Structure formats: C-alpha cells, structure tokens
Protein chains: 2
Amino acid sequence: MSVRKTPSSGSAADRSAAKRRIYEQFARIGKALGSATRLELLDLLSQGERSVEALAREASLEMASASQHLRALAAARLVETRREGQRIVYRIADPSVVALFHAVRAAAKAQLAELDSVAQAYLQREDDFEPIDQSELARRLRDGTVVLIDVRPPEEFAQGHIRGAINVPPGDVSAWAAKAPRKKEIVAYCRGPYCVYSMDAARTLRAKGLRVRALPDGVNEWGAAGRPVARTATHGGRS
Amino acid sequence: MSVRKTPSSGSAADRSAAKRRIYEQFARIGKALGSATRLELLDLLSQGERSVEALAREASLEMASASQHLRALAAARLVETRREGQRIVYRIADPSVVALFHAVRAAAKAQLAELDSVAQAYLQREDDFEPIDQSELARRLRDGTVVLIDVRPPEEFAQGHIRGAINVPPGDVSAWAAKAPRKKEIVAYCRGPYCVYSMDAARTLRAKGLRVRALPDGVNEWGAAGRPVARTATHGGRS
DNA sequence: CTGACATTCAATTGAGTTATTGAGTAATGG
DNA sequence: CCATTACTCAATAACTCAATTGAATGTCAG
C-alpha cells in the first residue's frame with residue numbers, strides 16, 4: 001500500500017472513497033425522487049408551501065404516510081419545515097429543487113408519449129384547445145387583448161402567479177363564466193403541463209360559448225423564463 | 001359514484017389513476033438515479049459513449065454488476081445501446097439526461113458542503129488554484145494568452161472537447177510539462193466540477209514551475225452555456 | 001463448426017423500502 | 001391541568017432492490 005504523504009493529495013484509496021461518498025450524496029437525492037408519492041408532494045410544494053394535513057388531503061394520503069414521505073424529502077434536503085402554531089409547514093428548500101423536478105419531468109416526457117397511452121389520453125390538451133405559448137401570451141397581456149385566469153386554489157395563487165392573472169379557483173369556473181368578458185379571448189393556466197385544472201376550466205367555458213385557450217405552463221415555468229411573477233402579501237395561514 | 005359520460009373528460013377515478021401513472025413514470029427516472037453506482041455510470045457516459053467492459057473497469061465494477069445497472073438505466077430510457085462487433089456501446093439517450101444529472105448535482109451541492117467534510121477535502125480546488133471562469137477563459141482563448149489542456153483519456157477528448165484545447169491525458173502530464181510553453185499561463189480542465197484530473201495535473205505542473213489555473217467545468221457545462229465544442233471524427237471503436 | 005470473448009439472464013441471498021397501525025409529543029384552548 | 005389537534009415515531013409484514021454466482025446468448029476469428 002503506497003501511501004503518499006503529500007498533504008494536498010490523499011492516497012488512491014482515500015480518493016476512491018471520497019468519490020464514492022460524493023456519488024452517494026447524489027444518490028440520496030435520487031432516492032428521494034424515486035417514489036411517485038414523493039414526487040407528487042414535491043409537485044404540490046412547488047406551487048407553494050403547505051401544512052402536512054393539506055398535503056395529505058391533496059395527495060389523498062394518510063397523515064402518517066404523508067409525514068413519512070415528507071421526512072424523507074427533508075432528509076434529502078429537498079424541503080424544509082417551519083412550525084406555525086400547531087401545524088408544520090413544509091416548503092421547497094431551494095429553487096434548484098424546482099429545477100430538478102422540471103429536469104425529471106423533461107427526461108420523462110418522451111417516454112410518457114411512447115409508453116403510457118392512458119396518461120397521454122388524460123393530458124390531451126392540444127386536441128381540444130390550441131395552446132398558447134409564453135411569448136405570445138406575454139405580448140397579448142401587454143396589448144390587453146386577453147384575460148388571463150389562474151385556475152388554482154386561492155392559497156396557491158397568493159403564493160405566486162403570473163402578473164396580470166386573475167384567480168378563478170377550480171370550483172368557481174362555472175359561476176365566473178357569467179361575468180366573463182365575451183369580447184376578449186380567455187387564457188387559462190394552472191400548475192403546469194401535467195395539471196388539468198386549466199383544461200377543465202377551458203372545457204367548461206367553451207361549453208358556455210366563450211373563446212378560450214390554455215397555457216401549458218405554470219407559474220414556475222413562467223418565472224424560470226424570467227417573466228414577471230406577482231405574489232399577494234400573505235397574512236400567515238389563518239392567524 | 002357519478003360517472004361522467006363526456007368522452008373528453010373521464011371519471012374522477014380515471015383521473016387520479018392517470019395522475020398516479022404520470023408520477024410513476026417520473027418515479028422510474030428517480031429510481032434509476034437512486035444509486036451511487038448508476039450515477040457514476042451516468043457521469044462517465046456524459047463524457048462519451050463506452051462499452052460495458054470500459055464502464056465496468058472505470059467504475060471498478062464486476063462486469064455482471066455493471067451490465068445490470070446499465071440495463072436499469074436503459075429501462076428508464078436514460079441511456080441507449082448500440083452493438084459494435086462483440087461489444088455493446090452505451091450512450092446517454094438524450095441531452096435532457098445530462099441536464100438532469102447536472103440538476104441532481106446542483107441540488108446536492110449545498111449538502112455536500114454542509115455534511116461531508118471528507119468529500120469537501122477531496123475537492124478543495126479553490127485552496128490550491130485560483131479557478132478561472134468560463135467567460136474569462138473564453139476571452140483569453142480568443143486573445144491567445146492561455147494554453148488550454150484537456151486532462152482526460154483520448155477517447156473522451158475525441159468525443160467532445162472545448163474548442164482550442166489540446167489533449168494531455170492524465171498519465172502524460174509529467175512528460176508534457178517538459179514541452180509546455182513557459183511564457184503563457186496554462187489552464188487545465190477535465191470532466192467537470194467533481195473530477196480531480198485537472199487538479200492533479202495542475203499540482204504536477206506547478207511543481208515544475210509552470211503557471212497553472214483550473215477551470216471547474218467540463219465540456220458539458222461549457223457546451224450547455226452555448227460555447228463552442230469540437231469533436232474529432234471517430235473511426236468507430238476499432239473497426 | 002469450434003473456441004474465445006463480451007454481454008446478458010436467472011437464481012439466490014441479504015439489505016433496504018413501503019404502507020399500516022398504534023403509541024408518543026408539541027402547541028393550543030378551555 | 002385536560003382534551004384536542006397536528007404531527008412524528010416505532011414496529012411490523014409485504015415487497016423491492018443489490019451483489020454474486022454460474023449458465024446462456026450473440027458475434028467474431030479461424
């Protein structure tokens with residue numbers, strides 16, 4: 001065993017041990033991403049912080065199960081927690097985590113098309129509504145020729161939305177149709193490309209004779225492209 | 001159970017099943033990333049395609065073990081294969097996979113600093129050599145005031161390198177020092193921020209009295225920033 | 001067709017992961 | 001202080017994954 005004494009460069013064994021540790025750190029992150037449940041929780045959290053109870057409800061999980069998965073995400077440092085009275089609020093630890101989730105989604109995109117027709121059918125947005133892209137929407141928002149609706153729960157809207165959007169929560173779409181402007185085109189968006197709130201809203205509105213298109217992105221994709229995001233001042237849960 | 005008959009929108013059960021399938025597709029990718037060994041293989045492959053035998057050797061794995069992990073990566077569609085005579089050559093399936101690997105690395109970066117001092121010690125580049133950044137290097141390459149050396153095996157150099165770099169494989173650094181220009185500053189780079197070939201080379205060259213700095217990026221990071229990458233025409237393995 | 005080589009497959013064993021259940025803990029309101 | 005709510009922890013059983021071994025497959029050189 002030739003052990004070099006040079007302080008700055010360790011032995012070959014030290015090296016490969018260190019290299020292994022580095023890859024093991026990376027693998028911690030990978031492991032945390034290796035569960036559909038945890039990815040769903042991450043996706044929800046990417047739309048805004050939430051309590052364990054809210055996450056369990058939205059992902060249809062047992063409280064204990066949600067808690068365990070969230071602990072796992074926290075152990076991988078993908079999320080952080082904060083106590084707020086009786087609740088523990090989880091949030092994404094760093095913008096790089098949202099970017100990571102998007103990278104996974106991008107890598108999965110091709111295979112979804114290829115080998116899961118059920119999922120594809122569920123997502124057929126293009127077939128029903130001509131999608132609008134970010135740059136066209138940005139231009140038309142400036143021109144004032146569209147009305148942009150954010151079809152998500154108010155809590156998510158408050159934590160960040162496309163500047164200029166108005167919040168029409170999923171349950172309120174029908175009611176909102178009555179007072180919707182009939183002259184302008186309506187653009188609906190929700191959480192992102194795999195979220196169907198905006199499509200549902202578009203179907204509902206079109207059935208009432210309105211002109212609607214859908215933006216396939218969410219507020220994170222919009223923000224990641226450097227476009228303006230607004231957030232409503234929160235008054236902390238229900239304090 | 002109210003089952004809607006509308007063809008375009010399925011029942012609530014269909015929905016949540018479809019949503020689950022989507023997250024399960026994402027999780028396939030996550031699972032593939034959940035092993036230090038597979039991440040090391042991906043990292044090697046991001047530097048260029050290789051046979052199973054070459055990968056097993058470079059990652060110090062049994063042939064069968066390397067093959068199984070590579071099959072797992074292939075099942076997640078992160079890598080593809082091609083037969084070349086008796087060998088099977090694996091390669092990254094899509095640029096989005098390299099981006100995914102980089103996203104994992106970025107998310108892991110903070111924790112490495114925080115909770116693995118062994119790995120940190122191994123990587124202490126800044127302490128020894130003033131790092132150069134991409135834009136400074138690009139400028140000085142244009143000016144011709146630096147000599148850029150690519151400290152990787154020739155096969156990797158051939159498959160893609162920073163335009164203007166000359167290849168000095170890890171074992172040849174000492175020999176190359178003799179004919180290295182003494183007037184210009186030397187910049188060394190290798191696979192990327194977690195690769196130590198360039199640091200080793202820099203130490204060796206500095207011990208011989210040369211002026212050396214290190215670029216912490218590899219060819220993928222350089223290329224991802226839209227900077228020019230060159231590749232040498234391959235003549236296909238050993239055909 | 002045979003032997004050599006690179007790779008994959010199959011079967012085994014041990015280790016790690018998941019969902020579930022029930023108990024334990026921290027903050028709040030009375 | 002007690003009850004309640006929100007959450008976490010511990011223990012279990014079912015399941016999945018990893019490393020290893022040896023056999024099987026595909027290709028090439030003769």
Side-chain angles (χ1 to χ4, degrees), chain A residues 16 20 23-24 26-42 44-45 49-76 78-91 155 236-239, chain B residues 16 20 23-24 26-42 44-45 49-76 78-91 155 236-239:
Chain A
S16 82
R20 183 120 287 259
Y23 286 116
E24 266 155 19
F26 295 175
R28 270 162 103 97
I29 308 249
K31 284 207 181 78
L33 300 176
S35 140
T37 304
R38 282 195 293 271
L39 287 166
E40 182 167 7
L41 292 169
L42 264 190
L44 286 168
L45 286 170
E49 58 178 34
R50 280 171 175 75
S51 67
V52 179
E53 179 266 328
L55 287 161
R57 182 163 28 79
E58 292 190 64
S60 316
L61 294 172
E62 296 290 325
M63 189 75 168
S65 191
S67 174
Q68 278 189 194
H69 282 294
L70 288 164
R71 294 318 304 151
L73 289 170
L78 299 181
V79 302
E80 294 172 340
T81 60
R82 166 167 58 86
R83 185 174 269 280
E84 200 157 89
Q86 287 171 262
R87 335 209 138 166
I88 307 275
V89 175
Y90 278 78
R91 63 176 178 278
E155 301 80 34
R238 56 161 69 174
S239 69
Chain B
S16 83
R20 184 119 285 259
Y23 286 116
E24 266 155 19
F26 295 174
R28 270 163 103 97
I29 309 249
K31 285 207 181 78
L33 300 175
S35 140
T37 304
R38 281 194 293 272
L39 287 165
E40 182 167 8
L41 292 170
L42 264 190
L44 286 168
L45 286 170
E49 57 178 34
R50 279 171 176 76
S51 66
V52 179
E53 180 265 328
L55 288 161
R57 182 164 29 78
E58 292 190 65
S60 314
L61 294 172
E62 296 290 325
M63 190 74 170
S65 191
S67 175
Q68 279 190 199
H69 281 295
L70 289 164
R71 294 316 306 149
L73 289 170
L78 299 181
V79 302
E80 295 172 341
T81 60
R82 165 166 59 84
R83 185 174 269 280
E84 200 157 89
Q86 286 169 262
R87 339 212 134 161
I88 307 278
V89 175
Y90 278 79
R91 62 174 178 279
E155 302 80 34
R238 56 161 68 177
S239 68

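Everything numeric in this text was worked out from a predicted model, so none of it was measured. Proteins get letters first, then strands, A, B, ... in listed order; numbering begins at 1 in each.
- Rounded to whole Å, atom P of C:dT7 lies 10 Å from atom CG of B:Leu70.
- Rounded to whole Å, atom P of C:dT7 lies 13 Å from atom CZ of B:Arg50.
- Between B:Ala59 and B:Leu41 the shortest heavy-atom distance is CB-CD2, 4.3 Å.
- Across the protein-nucleic acid pair, B:Arg87 atom CZ and C:dT8 atom C1' stand 16 Å apart, rounded to whole Å.
- Using a 4.5 Å cut-off on side-chain heavy atoms (C-beta onward), B:Leu78 and B:Ile29 make contact.
- Atom pair B:Arg57:CZ and C:dC5:P shows a separation of 16 Å (rounding to whole Å applied).
- In terms of heavy atoms, B:Met63 sits closest to B:Ala56 at CA-CB, 4.3 Å.
- Here the side chain of B:Arg38 pairs a donor or acceptor atom with the backbone of B:Ala32 at under 3.5 angstrom.
- What separates CE of A:Met63 from P of D:dT4 is a distance of 17 Å, to the nearest Å.
- Using a 4.0 Å cut-off between a side-chain N of Lys or Arg and a carboxylate O of Asp or Glu, A:Arg82 and A:Glu84 qualify as a salt bridge.
- A sub-4.0 Å separation between OP1 or OP2 of C:dA6 and a side-chain N or O of B:Tyr90 is absent.
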Nucleotide by nucleotide, 5' to 3', does protein get under 4.0 Å of the base (B), only the sugar-phosphate (S), or neither (-) in nucleotides 24-30 of chain C, counting heavy atoms?
-> ---SS--

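- C:dA10 atom P lies 12 Å from atom CZ of B:Arg71, rounded to whole Å.
- Note: CD (A:Glu53) to P (D:dA6) measures 6 Å, nearest angstrom.
- Taking the side chain as every heavy atom from C-beta outward, B:Leu42 and B:Val79 approach each other to under 4.5 Å.
- Between A:Ser67 and D:dC7, a side-chain N or O to OP1/OP2 separation shorter than 4.0 Å is absent.
- Under 4.0 Å is where a charged nitrogen must lie from a carboxylate oxygen, and between A:Arg28 and A:Glu24 no such pair does.
- Side-chain contact check for A:Glu40 versus A:Glu58: every heavy-atom pair is 4.5 Å or farther apart.
- Side-chain contact check for A:Thr81 versus A:Arg71: some heavy-atom pair is nearer than 4.5 Å.
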Heavy-atom contacts, protein to nucleotides 18-23 of chain C, under 4.0 Å, summarised as B (base), S (sugar-phosphate only) or - (none) per nt, yield SBBB--

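- Heavy atoms only, all atoms of each residue included: B:Tyr90 and B:Leu45 are closest at O-CD2, 3.3 Å.
- Of all heavy-atom pairs spanning A:Val52 and A:Ala66, the tightest one is CG1-CB, 4.4 Å.
- Two end axes, each from the C1' atoms of five base pairs, can be drawn for the helix from C:dC1-D:dG30 to C:dG30-D:dC1; they diverge by 30°, to 10 degrees.
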